[in-house]
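Reading through the structure tokens given below for one structure.
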Amino acid sequence: FSADGRLLWTYDAHGDMQNNLHGVAVRENGELYISRNEWNIPSPAHTYREMVEKLDPATGIVLWSTELTPCGSNWSPGLTINEYGIFAANFECMAGLDFDGNILGYAYIPNISGPGGSGGIKSIITDGTNVYVSGSTAGNSFAPNAGGHDLFLVKYDKDGNQIWAKQWGGIDFELDP
């Protein structure tokens with residue numbers, strides 16, 4: 001939208017697949033990034049792709065698209081950027097990319113689902129140097145599960161190395177809003 005509220009462009013997610021937009025981040029210089037997935041439901045193979053894309057902020061045209069193949073087939077809840085790059089997270093994995101769309105590395109969060117059902121990453125933010133990931137887990141990802149779903153918060157450095165992790169909860173379900 002323009003400053004006066006006029007629609008300037010819309011984004012076409014391509015093809016006949018189910019598409020979901022999950023994260024939007026704008027760099028200080030105005031560069032626009034999104035995280036999204038597409039799922040081809042009618043296909044017998046049910047193809048699924050999760051990606052980060054850079055859009056031209058003036059036109060909405062996709063300048064590049066990077067598929068996050070090793071992160072699996074989970075919904076991508078978040079995207080954040082800092083001076084070091086772009087960070088996207090799905091339910092069990094965080095990917096770091098440079099500003100040209102090259103994958104710098106992956107960080108995996110173990111045992112999110114656990115025996116009690118699914119959990120997953122809910123949000124991802126940066127303080128400019130580190131990346132923080134929060135969510136819920138039914139597993140023993142960072143401490144013994146207290147029952148149901150526990151909350152977790154993990155701090156990573158800019159290279160995806162885990163600095164610390166906390167997991168806490170009671171006997172019922174604690175969910176990251």
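All figures in this text were calculated on a predicted structure; none of them were measured in a lab.
- Atom CD of E50 is separated from atom OG1 of T66 by 12.5 Å, given to the nearest 0.5 angstrom.
- Looking at D127, T80, I163, V154 one by one, the single match for side chain to side chain contact (heavy atoms under 4.5 Å, CB included) with Y132 turns out to be D127.
- The structure places OH of Y33 at 9.0 Å from CG of L63, a figure rounded to the nearest 0.5 Å.
- Considering all non-hydrogen atoms of both residues, G23 and L79 come closest at O-CD2, 3.9 Å.
- Taking all atoms of both residues into account, the shortest heavy-atom contact from A95 to L68 is CB-CD2, 4.0 Å.
- Put simply, the side chain of I61 does not reach to within 4.5 Å of the side chain of L55, judged on heavy atoms.
- Residues T129 and Y84 approach most closely at CA-CE1, 3.9 Å, considering heavy atoms.
- Contact of the K54 side chain with the E31 side chain is registered, since non-hydrogen atoms from C-beta on lie closer than 4.5 Å.
- Between W9 and D56 the shortest side-chain heavy-atom distance does not fall below 4.5 Å.
- Between R36 and E53 the shortest side-chain heavy-atom distance falls below 4.5 Å.
- Between D150 and F152 there is no side-chain heavy-atom pair separated by less than 4.5 Å.
- Closest approach of P57 and G30 over heavy atoms only: CG-O, 3.4 Å.
- The shortest non-hydrogen separation linking N82 to N130 is ND2-O, 4.4 Å.
- Between L153 and W164 there is a side-chain heavy-atom pair separated by less than 4.5 Å.
- Summarising the geometry, atom CD1 belonging to I34 is positioned 11.5 Å from atom CD1 belonging to I86; distances are rounded to the nearest 0.5 Å.
- Taking NZ of K166 as the reference point, atom CG of L151 lies at 14.5 Å (rounded to 0.5 Å).
- Geometrically, R27 engages F99 in a cation-pi contact defined by less than 6.0 Å to the ring centre and at most 45° from the axis.
- Taking each heavy atom of D98 and D100 in turn, the nearest pair found is OD1-N, 2.9 Å.
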